[in-house]
Structure formats: C-alpha cells, structure tokens
Amino acid sequence: MLSETTSQSNINSQIHSYDASSIEAKWQQRWREQGVDAACDDAEDLREKYYCLVMFPYPSGQLHMGHVRNYCLGDAVARYKRMQGFNVLHPMGWDAFGLPAENAAIKHGRPPAEWTYNNIDEMRRQLKRLGLSYDWSREIATCHPEYYRWEQWMFTKLLEKGLAYRKEAEVNWCGPCHTVLANEQVVDGCCWRCDTQVERKSLAQWFIRITDYAEELLAELDSLKGWPEKVVGMQRNWIGKSSGALIDFEIEGDYEPLKIYTTRPDTLMGVTYMAVAAGHPLAQQAAAKSTELAAFLEACSHVSTKEADMATMEKKGMFTGVYANHPVTGAAIPVWVANFVLMTYGTGAVMSVPAHDQRDFEFAQKYGLPIKQVIGKPAGDWDGTAAMTDSGLLMQSGLFDGLHSEAAKQTIITHLEAQGKGCEKVQYRLRDWLVSRQRYWGAPIPVLYCDACGVVAEKEENLPVRLPEDLQPTGGSSPLTQCDEFVHAICPHCGGAAKRETDTFDTFMESSWYMARYSSSRDNATMLDRDAVSQWLPVDQYIGGVEHAVLHLLYARFYHKLMRDVGLFTREEGGDEPFKNLLTQGMVLKDGAKMSKSKGNTVDPNAIIAEFGADTARLFTMFAAPPEQDLEWNDSAVAGSRRFLNRVWRLVEKVVQISPSEAEAAANGAADVKLLKRHIHGTIQRVTHAFEHGFAFNVAIAALMELSNHLQAFKVGSDESVDVVFSHNEASVLREGVVSVLTMLAPFTPHFASECAERMGEGEMLVLKPWPVVDASALVQDEINLVVQIGGKKRGEVTVAKDAQQETVLAAVAADPLLNRWLEGMQMVKVVLVPGRLLNIVVKPA
RNA sequence: GCCGGGAUGGUGAAACUGGUAGACACGCCAGACUCAAAAUCUGGUGCCUUCAGUGGCGUGCCGGUUCGACUCCGGCUCCCGGUACCA
C-alpha cells in the first residue's frame with residue numbers, strides 16, 4: 001500500500017519534472033572533454049578578447065551563498081560573451097594565505113598548509129558542481145611558491161627603486177591576531193578580522209610608498225567610468241586630498257617654531273589661539289614645567305579611540321603657558337593643548353580661527369577665548385551663534401582687507417613665502433601601505449639582516465624564499481621565529497651569517513596582482529609574460545563584494561601601476577588601470593540579515609543543489625534581485641524557479657512531439673504566428689539589452705518566463721487537453737521560440753538548456769552557439785493599441801494603424817461609445833498624440 | 001556632519017530618453033484532477049466602492065513644472081551603506 005503510493009508519486013514527479021543531478025553531471029563531463037571553457041592564447045585567434053573576473057575566494061572550507069551569487073553572475077557574463085563570439089578568459093584561483101588557516105591549525109593541531117589544500121579541493125569540487133565555466137588550466141593558489149616567488153621578486157625591485165622601505169613607526173597592533181595592520185584594515189578603531197580594538201605601538205615595519213601614487217590614484221578615478229560612483233567616492237575620500245598651506249609660528253622662549261597645516265590661510269588674520277595635540281613635542285616640553293599640564297596630557301592619552309565616540313566627545317583643552325607670535329602682526333597668541341587635534345594628521349597642530357571654524361568656535365566659547373571675524377558674510381550680518389564657514393570678502397585683516405577668500409589664500413601664502421614663514425601644501429589622508437605581518441601563514445618577505453651589511457634583499461636566483469609548510473602555529477608569535485633552518489641564512493651580499501626576516505606579507509599583496517598573473521599563470525620564467533598581458537589585460541568585467549572598496553580594489557590599482565613602473569608592461573600593453581568595469585554585487589540575506597553561522601540563518605549551497613539542482617540554484621540567485629542589490633533568500637521562491645524549469649522541460653517534450661500537418665493555417669493563424677514572432681524577437685531584444693546594460697538578469701529572466709508562457713499558450717490557450725493541429729509555419733515559429741528561450745537560458749542554466757536543446761535536435765554544444773539576433777522586421781506592427789486619455793486619465797484604447805494621424809485616431813475615439821461618453825458636454829481644449837503610445841484629449845466643460 | 005544609495009501591493013521586484021504603474025515571480029484565495037493528499041493545471045489577487053458595467057484613490061511627505069510625473073525641480077521625513085574632531 002505504502003510502496004504503491006510512493007511509486008505512483010515517483011511516476012507523477014517524473015512526468016512533471018527532470019532529473020537534475022544526472023543531466024548536470026553529463027554536461028559537465030562533456031564540456032570538460034571538449035574544453036569549451038578554455039581561453040585561447042593563440043595569436044591566430046581573431047576573436048576579440050574578453051576578460052571576465054570574479055574575486056577569488058579565501059578557501060575557508062565551504063562555499064556559501066554569497067560565493068554562489070558572485071560566481072553565477074560572473075559565469076552568466078562569461079557564457080554570454082562566449083556566445084557573442086568573444087575569446088573569453090574566465091579564470092579561478094585561491095587567495096590561500098591568511099589567518100583563518102592558522103586558527104584552524106591551532107584548533108586541529110595540523111599545519112595550515114594541509115587544512116588549506118584540503119579546503120581548496122573541497123571548494124573546487126563545489127564550484128565544478130555548479131557548472132561554472134572556468135578555465136581551470138590557469139588555476140592559481142597564492143600559497144604556492146611558484147606564485148609568491150614573483151611577489152618576492154617584485155618586492156626586491158621595489159626596494160631597489162626606493163618604493164619599499166623599513167621604518168620605525170606608530171602602527172596598529174591587534175593583540176588577538178598577534179600582528180600589525182594597515183590603516184585600511186582598521187575599522188572604527190578595531191581590527192577588520194576579529195573586531196577587537198587595536199593598540200598603537202611603535203615598531204619597525206615594512207611599508208610601500210602608496211603615497212607616491214596618491215595623485216595618480218586619485219586622478220585616474222575619473223577615468224573609471226565603468227565603476228560604481230559609490231566605490232569611486234569611497235576611494236576618493238580615503239585618499240583625502242586637500243590643499244592649503246604650511247605656516248610657521250615663532251614661539252616665545254626656548255621652543256622650536258610651531259608648524260601648522262591649514263586649508264584656510266585666508267583666515268590667518270582671525271587666529272586667536274593655537275591648538276596642538278597632546279602628543280605634540282611642544283605640549284610634552286611645556287608639561288615638564290607644569291604638573292597640571294602633565295596630568296592633562298596623561299588623561300588625553302588614555303582616551304581610547306573606542307570610547308571617544310568621536311561625534312559626541314567633549315572638547316577639552318588646557319593652556320600651555322606658551323605664546324606664539326603671529327607671522328604677520330607679531331601679536332602674542334596663546335598655545336593650547338586640545339583633545340580634538342590629531343597627532344596623526346597634518347603636523348599635529350592647528351591655528352584656531354573660531355569665527356570661521358565650528359570646532360574652533362565651540363572650543364573658544366567653552367574657554368572664553370576671543371572670536372575675531374575676518375570674513376564678511378556674503379549676505380547680511382554674521383549673528384555670531386555659530387562659526388561662519390563660507391567664503392567672502394576679507395575684513396579686519398589689515399593689508400588683505402577687501403580681497404575675496406580665494407584670492408586671499410594665494411596672496412597670504414605668497415606673503416608668507418616671501419618672509420620664509422610658510423608655503424603652499426597639498427595634504428593627503430592616505431598613508432603608506434604597511435605590508436609586513438607577524439604571521440606564519442603568509443609569503444616570506446625576501447630580506448635578510450646581516451651584521452656586516454645591514455638589511456639586504458635576497459638575490460633573484462635564490463627566490464623563492466620558501467615558507468616551510470610543516471610548521472605548527474601555537475597562537476603566540478609566529479613559529480617561523482623559532483625555525484632555525486629558516487632564520488639562519490647566508491647573507492647574499494658578503495656570504496656571512498645573516499638572519500632572515502620572519503615577518504610575512506599582508507595577504508592583500510597576493511590579491512593585488514593575481515588578475516595579471518592569470519594571463520600567464522604557468523610561466524615560470526617571468527612574473528608576467530608581456531604578450532599575455534597585452535592579450536588579456538585589463539580585466540573587462542570584475543565582479544565582487546563592495547567590502548573591498550578601499551582595501552583590495554585600492555591596493556590592486558596601486559600594484560598595477562607599480563608593475564607598470566617596474567617595467568613588466570607598458571601602459572599600452574597593460575593599461576594604467578587593472579579593472580575597466582566593476583560590478584559590486586549585494587549580499588545574500590536570510591530573514592533580513594546577512595547569513596552567518598553565529599546567527600544560524602545560513603543556507604547550504606550543497607543542500608540546495610542536492611534538492612533542486614545546480615541550475616535552479618543559479619537561476620534563483622540571478623532572478624531574485626538585481627545584482628548590485630541585497631538578495632533575500634526565499635525557499636518557496638527557489639522551488640518556484642525549479643517549477644519554471646519543469647514547465648520549460650514539458651514544453652520541450654510537447655514541441656518535440658509535434659508533427660506538423662500539411663493543412664494550411666486557419667485564417668487567424670497568420671496573425672497568431674506574427675504575434676508570437678514579435679514576442680520572440682522582443683524578448684531577444686530585452687534579454688540582450690540586460691546583458692549589455694547593467695546586467696539586470698532579474699529582468700532578463702522575467703522576460704524569458706514571459707515568452708515561455710506565451711509559447712505554452714500558443715494555439716492552445718488555457719486548455720491543454722485540446723488536440724491541436726499545427727501547420728508547418730506554426731510549428732516552425734513555435735520551435736524557433738523554444739530554441740530562443742533555451743539559447744538565452746544557457747548563460748543561467750547551462751546544463752538544463754543544453755539537455756533541452758539536445759532533445760530538440762539542436763546538436764550538442766548549445767553553449768557555443770551564437771547568441772540570437774533580433775529580426776527587426778518581426779518587431780514591426782501594422783496596427784497598434786493606442787491608449788486614450790481624456791483629461792489626463794486613461795479611459796480606454798483604440799486599435800489604429802501604427803502611424804495613424806490625429807484625425808484618424810480622434811475618429812476612432814468618436815466611434816467608440818465607451819470613450820465618446822467622456823467627451824459629451826465637454827469642449828476639446830487640446831489634443832496630444834504621442835505616436836505609437838497614446839492620445840491625450842484635454843477637455844473643459846463646454 | 002559629509003559622501004553614496006534607497007522608500008512602489010501581503011512579499012521579492014518591473015516600468016526604455018516624462019507617456020497604460022505593479023511586468024515576472026513568491027504567497028494567498030477559488031476551481032479542475034484525486035477516495036484523499038502531494039504534484040500538476042486553470043482562474044483570481046493594489047486599496048476603497050458597486051449586484052454589476054462602472055467610479056474614486058494610489059509609487060514615503062509637502063509644494064512646483066507639464067496635456068501628462070514612480071521618473072524632472074524645490075523643500076522635508078525615515079531607512080541602509082561608507083566615512084569623519086582631517087584642521
């Protein structure tokens with residue numbers, strides 16, 4: 001009884017459904033055998049190149065839905081471009097160095113290498129199960145010596161050019177991660193990985209001079225037309241260019257002159273006090289004479305970045321007892337210590353103009369300091385309740401009176417320059433990139449410390465400096481520091497004993513150039529093959545999460561320019577910028593929140609593939625939301641995506657069985673065929689448009705669903721039980737429609753579409769078939785339904801010739817009693833005809 | 001504060017350069033098939049009104065431009081992301 005029920009239900013589900021797992025395996029094997037996913041390096045290949053890249057994953061062990069979405073987007077683009085006749089490079093690899101591997105190693109007592117390689121194997125399997133069309137022959141893993149040796153080589157070049165250097169500096173230290181961090185990796189004063197508050201420590205570290213490239217990185221943002229404005233804006237803010245002046249204030253007594261940076265030299269004559277950071281030498285020096293001041297400085301140093309909830313923190317200060325001399329008037333100006341002045345920006349000291357700076361204003365009010373207006377308000381009088389920060393004409397400014405702010409800036413700077421008291425200065429917020437990390441699982445920094453020769457770079461023939469892969473981290477300092485075989489080395493300069501650097505590179509170093517390496521990933525003679533670079537770079541379409549807006553995406557732009565300037569390629573060969581177009585996809589949410597293990601709201605891609613098939617997982621992630629928007633996971637909508645595929649499957653079964661009759665179509669048949677043909681080509685137009693403009697795949701798939709609904713209803717209407725006879729013409733257009741749907745589904749659901757196409761007798765390689773082309777003649781309509789508005793409100797439609805003139809349309813309206821009644825007792829004031837769209841009759845009571 | 005994005009049915013979302021608001025899908029309701037259920041199929045589904053044809057209202061709020069505004073302009077409110085005592 002039970003078994004009977006089960007078998008019955010199996011039969012039924014077979015009738016309505018298809019077997020995803022067997023056909024997906026079948027097609028994956030065929031594509032692999034036929035090498036359809038490989039990019040062609042052959043110079044004789046005349047196809048235009050297209051480089052489609054998705055951000056490579058960190059091999060954490062399991063693919064999550066965010067990956068699935070990212071990679072399905074990239075795959076849809078790559079497959080579409082292949083069908084459009086491009087020679088597509090669509091590679092994949094592993095960002096394989098990093099902290100999680102060490103943490104896992106500590107937890108499991110096994111070396112990070114093993115964990116990493118196992119994860120890569122598992123994740124590669126998962127990617128293959130999704131049917132993603134990667135050229136696996138170019139796969140790279142950044143932890144492989146054949147990869148990082150070139151990064152080490154590059155670093156030695158940067159050392160030669162003075163673009164890399166070692167310096168003792170105040171740096172960000174994360175205790176739990178046991179390493180320093182770059183500025184970009186500190187978020188709200190906390191470590192970007194473990195979210196604990198970073199400490200400031202003075203340590204000798206390796207830096208790369210990204211600040212030398214600040215201007216170029218900023219200027220070329222304007223050329224990135226294919227990037228989201230948001231990301232461009234974030235990078236612009238991060239670089240933080242401002243222009244102003246450096247001004248020296250002489251200090252009375254035994255002090256160095258006080259150098260300040262200001263963007264408002266025009267307000268110089270309104271300075272009523274100076275403010276320096278607690279860490280400023282002048283403050284420290286003055287504190288030696290005042291216990292009270294020393295106590296205040298001590299208090300300031302304990303205000304952590306965290307509790308300093310910056311926006312609301314109270315402005316505090318104390319007079320140092322020191323006076324500065326105004327560089328123009330010579331007037332004595334009190335120097336204060338203020339907790340809002342940052343030692344890390346500008347010179348750690350500011351001139352305060354309370355009349356024209358809100359922060360200075362609040363401080364002056366609190367401590368009863370004078371406020372002197374030197375800029376006239378453009379309109380009306382200044383009420384003095386808040387700082388007046390607009391530009392305007394100078395007043396109370398002696399010889400500068402009457403100048404406009406903008407002119408005054410220049411005049412005052414020139415005046416100061418003449419007296420050696422100041423100069424023009426462009427300031428950036430960007431700091432040099434700190435690239436050394438006190439971690440084991442990373443690429444060794446190829447330098448040695450020799451007692452005789454000092455800091456020496458490893459020789460090129462000794463590269464790579466191999467990371468021993470069998471060490472076991474324990475949680476404290478890097479096991480490399482205890483590894484004698486690694487540490488004790490020979491100085492490449494004098495041949496004496498030397499110690500190796502045990503710090504490793506920031507893992508963002510590896511991800512900064514992988515896109516270039518894919519062009520020549522198997523080349524062991526050079527970092528980048530010049531021909532391969534000019535063949536493939538720049539990346540035409542880059543796809544990934546927005547969280548890398550000022551991390552990876554800034555570093556990669558920088559590194560690209562470094563590689564160019566080291567001479568690996570010219571600007572003609574590799575371009576100035578690595579990524580032409582950027583798509584930042586949204587997150588995958590469940591119950592309104594980002595999926596995470598801690599929240600317990602994850603959806604496992606394996607489970608979805610097992611239940612519905614890879615094609616359904618792909619289709620849903622592309623259909624549920626536009627790519628750059630967050631996607632809310634919805635289990636029943638996933639099932640709905642699968643239902644759509646089932647319907648197409650049954651449509652294919654039906655069309656395959658049609659044997660056209662010799663009888664000619666009925667009289668109205670011709671019109672039906674024409675309409676269907678218009679639907680088909682309208683859909684081709686819409687789907688192609690989606691691929692060419694913004695990748696609105698949700699709309700593209702909706703269009704395919706719509707067409708498939710039309711195809712199902714063709715000649716049958718809602719009653720499928722009717723035995724319909726198709727003429728040759730009808731059958732052929734129906735077939736054209738189904739093949740079009742399958743062809744356009746191929747980028748989204750490649751296995752399913754291929755299987756259906758094969759059943760239709762369309763041959764094996766749907767994925768290599770040309771993309772359908774719009775037949776413009778099919779879109780032409782002789783008669784159209786024209787919307788009729790009366791008084792701006794839609795009142796109905798009339799059927800008229802597509803190019804009908806106004807009189808004709810009005811006649812049609814008059815002939816329609818339902819429309820005409822709106823005109824009774826009314827006077828026509830105006831008639832607006834939008835050809836092909838609508839007619840609006842403006843009326844008023846007669 | 002500043003920069004960027006957003007607000008449309010019960011839900012995810014469509015709407016080309018101003019021209020039929022809600023395509024497509026999920027959910028829900030009803031029906032067909034079934035002993036029954038599942039699956040599948042069909043129909044309905046913005047809100048209010050009406051027996052019904054109809055009519056009115058409706059894209060966060062207020063105002064403007066226009067024959068016509070989700071779309072453009074001015075002024076707000078709220079939400080999301082980024083960033084910040086940056087001098």
Side-chain angles (χ1 to χ4, degrees), chain A residues 5 8-9 11-13 15-17 187-188 228-234 236-238 240 242 244 260-264 275 308 310-313 315 338-342 344-353 357-360 362-363 427-429 546-547 549-550 586-587 620 623-626 628-641 643-644 646-647 650 685-686 689 693 696 698-706 708-709 712 717-721 785-797 818 829-834 836-843:
Chain A
T5 314
Q8 182 63 41
S9 114
I11 289 163
N12 279 339
S13 71
I15 290 168
H16 300 305
S17 187
V187 182
D188 290 333
E229 260 182 63
K230 172 180 165 164
V231 176
V232 170
M234 283 165 75
R236 188 172 283 128
N237 281 339
W238 188 262
S242 71
I260 61 99
Y261 172 71
T262 180
T263 55
R264 292 295 302 271
M310 302 298 191
T312 55
M313 195 173 97
K315 289 174 180 44
N339 66 347
F340 65 83
V341 180
L342 304 176
T344 49
Y345 186 78
T347 61
V350 297
M351 65 177 208
S352 290
V353 187
D357 180 283
Q358 186 57 28
R359 208 176 32 209
D360 296 347
E362 287 168 25
F363 192 82
Q427 180 83 27
Y428 298 91
R429 208 183 76 113
V546 75
E547 65 273 16
V550 287
M587 292 185 296
F620 173 73
F623 175 62
E628 58 288 336
Q629 221 166 95
D630 287 347
L631 182 159
E632 176 69 32
W633 191 264
N634 178 336
D635 288 321
S636 45
V638 177
S641 292
R643 268 202 301 273
F644 166 67
N646 290 344
R647 281 198 298 272
R650 292 196 300 273
Q685 193 173 46
R686 287 165 71 189
H689 185 267
H693 300 96
N698 55 328
V699 184
I701 292 165
L704 291 171
M705 288 174 168
E706 218 176 325
S708 132
N709 291 343
Q712 281 170 80
S718 59
D719 190 358
E720 292 216 41
S721 63
N785 287 333
L786 195 77
V787 168
V788 177
Q789 291 186 342
I790 293 164
K793 291 189 181 201
K794 184 192 169 187
R795 295 302 184 190
E797 296 178 0
L818 285 176
V829 178
K830 187 176 179 179
V831 178
V832 181
L833 176 67
V834 184
R837 289 216 174 256
L838 61 66
L839 178 86
N840 188 9
I841 305 171
V842 186
V843 292

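The basis for the numbers below is simple: all heavy atoms, side chains too, and nothing from hydrogens, waters or symmetry mates. Labels below follow one simple rule: chain letters A, B, ... track the order of the sequence lines, proteins then strands, and each chain is numbered from 1. Please read all numbers here as calculations on a predicted model, not as lab measurements.
Put simply, CD1 on A:Ile841 is 15 Å from C1' on B:G19, counting in whole angstrom units. Straight-line distance from the CD atom of A:Gln789 to the C1' atom of B:U66: 12 Å, rounded to whole Å. Taking atom OH of A:Tyr261 as the reference point, atom C1' of B:C86 lies 9 Å away to the nearest angstrom. Spacing between atom CG of A:Asp630 and atom P of B:G81 amounts to 9 Å, rounded to whole angstrom units. Rounded to whole Å, the distance from CD on A:Gln712 to C1' on B:A25 is 14 Å. One atom, CG of A:Asn237, and another, P of B:G81, lie 17 Å apart when rounded to the nearest Å. Nucleotide B:G27 holds its C1' atom 9 Å from the CG atom of A:Asn634, rounded to whole Å. Between A:Gln629 atom CD and B:U8 atom C1' the separation is 12 Å, expressed in whole Å.
Taking atom P on both nucleotides, B:A38 is separated from B:C28 by 11 Å, rounded to a whole Å. Taking atom C1' on both nucleotides, B:C57 is separated from B:C35 by 49 Å, rounded to a whole Å. Comparing the P positions of B:C73 and B:U54 gives an interatomic distance of 37 Å, to the nearest angstrom. To the nearest whole angstrom, the two P atoms, one in B:C86 and one in B:G6, are 28 Å apart. Taking atom C1' on both B:G22 and B:G46, the two are 8 Å apart, rounded to the nearest angstrom. Rounded to whole Å, the separation between the P atoms of B:G58 and B:G63 comes to 12 Å. Taking atom C1' in both B:C41 and B:G4, one finds a spacing of 47 Å when rounded to whole Å. Taking the P atoms as reference points, B:G12 lies 28 Å from B:G18, given to the whole Å.
Using a 4.0 Å heavy-atom cutoff across all strands shown, A:Pro228 reaches no nucleic acid atom at all. Using a 4.0 Å heavy-atom distance criterion, A:Ala625 is classed as making no nucleic acid contact. As judged by a 4.0 angstrom heavy-atom cut-off over every strand, A:Glu632 is placed among residues making no nucleic acid contact. A:Phe644 comes within 4.0 angstrom of nothing in the nucleic acid, heavy atoms only. No engagement by A:Val232 is indicated, since no non-hydrogen atom pair under 4.0 Å with the nucleic acid exists. Across all strands shown, A:Val787 has heavy atoms under 4.0 Å from base atoms, whether or not it also approaches the sugar-phosphate. When heavy atoms are screened at a 4.0 angstrom cut-off, A:Ala702 is found touching base atoms of the nucleic acid. Using a 4.0 Å heavy-atom distance criterion, A:Gly640 is classed as a sugar-phosphate-only contact.
Distance from the side chain of A:Glu229 is smallest for B:G4 among the nucleotides B:A13, B:C26, B:G4. Distance from the side chain of A:Val834 is smallest for B:G19 among the nucleotides B:G19, B:A15, B:C85. The side chain of A:Lys793 sits closest to B:G56 out of B:C67, B:A13, B:G56. You'll find that the side chain of A:Met234 is closest to B:G82, out of B:U20, B:C85, B:G82. Side chain of A:Val832, nearest nucleotide from B:A13, B:G27, B:C67: B:C67. Ranking B:C41, B:G55, B:U20 by closeness to the A:Arg647 side chain, first place goes to B:C41. Taking only side-chain atoms of A:Tyr345, from C-beta outward, the nucleotide of B:G27, B:C24, B:C86 with the closest atom is B:C86. Out of B:G56, B:G4, B:A13, the shortest distance to the side chain of A:Arg795 is found at B:G56. Distance from the side chain of A:Arg643 is smallest to B:C26 among B:C26, B:C85, B:A14. Distances were taken from every side-chain heavy atom of A:Leu838 (C-beta onward) to each of B:U83, B:G19, B:C24; the shortest belongs to B:G19.
Nearest approach of A:Phe620 to A:Ala637, heavy atoms of both residues: CE1-CB, 3.6 Å. Scanning both residues, A:Asn646 and A:Ser17, for their nearest heavy atoms gives OD1-OG, 3.5 Å. Minimum heavy-atom separation, A:Val341 to A:Ala275: CG2-CB, 3.8 Å. The shortest non-hydrogen separation linking A:Tyr428 to A:Tyr345 is O-CE1, 4.3 Å. In terms of heavy-atom proximity, A:Val787 sits nearest to A:Lys794 at CG1-CG, 3.9 Å.
At most 12 non-hydrogen atoms from other residues, nucleotides or ligands lie less than 6.0 angstrom from CD of A:Glu229.
For the pair A:Asp357 and A:Phe363, the minimum side-chain heavy-atom distance is 4.5 Å or more. Side-chain atoms of A:Leu833 and A:Leu786, non-hydrogen and from C-beta on, do get closer than 4.5 Å to each other. Counting only heavy atoms from C-beta outward, the side chains of A:Val353 and A:Arg264 never approach each other to under 4.5 Å.
Of all nucleotides present, none satisfies the Watson-Crick or G-U wobble test against B:A23 with each distance under 3.5 Å. Under the Watson-Crick or G-U wobble criterion, with both distances below 3.5 Å, B:G1 is paired with B:U83. In this structure B:U40 sits in a base pair with B:A32, meeting the Watson-Crick or G-U test at under 3.5 Å. Taking a pair to require two hydrogen-bonding distances under 3.5 Å in either a Watson-Crick or a G-U wobble arrangement, B:A69 remains unpaired. With a 3.5 Å ceiling on both atom-pair distances, the Watson-Crick or G-U wobble partner of B:C78 is B:G6.
In this model, the phosphate group of B:A14 is approached by a side-chain N or O of A:Asn698 to a distance below 4.0 Å at OP1 or OP2. At least one side-chain nitrogen or oxygen of A:Lys830 sits closer than 4.0 Å to the OP1 or OP2 atom of B:C67. Look at A:Arg359 and you won't find any side-chain N or O under 4.0 angstrom from OP1 or OP2 of B:G1. Taking side-chain N and O atoms only, A:Asn709 has a distance below 4.0 Å to OP1 or OP2 of B:A25.
Between A:Met705 and A:Gly791, the residue anchored closer to the 5' end of RNA chain B is A:Met705, taking for each the nucleotide with the nearest heavy atom. Both A:Lys794 and A:Trp238 lie near RNA chain B, and the one whose nearest nucleotide falls closer to the 5' end is A:Lys794.
For A:Arg837 against B:C16, a side-chain-to-base donor-acceptor contact under 3.5 Å is present.
Syn is the classification of B:G53, since its glycosidic angle stays within 90° of 0. A syn orientation is assigned to B:G9, its glycosidic angle lying within 90° of 0.
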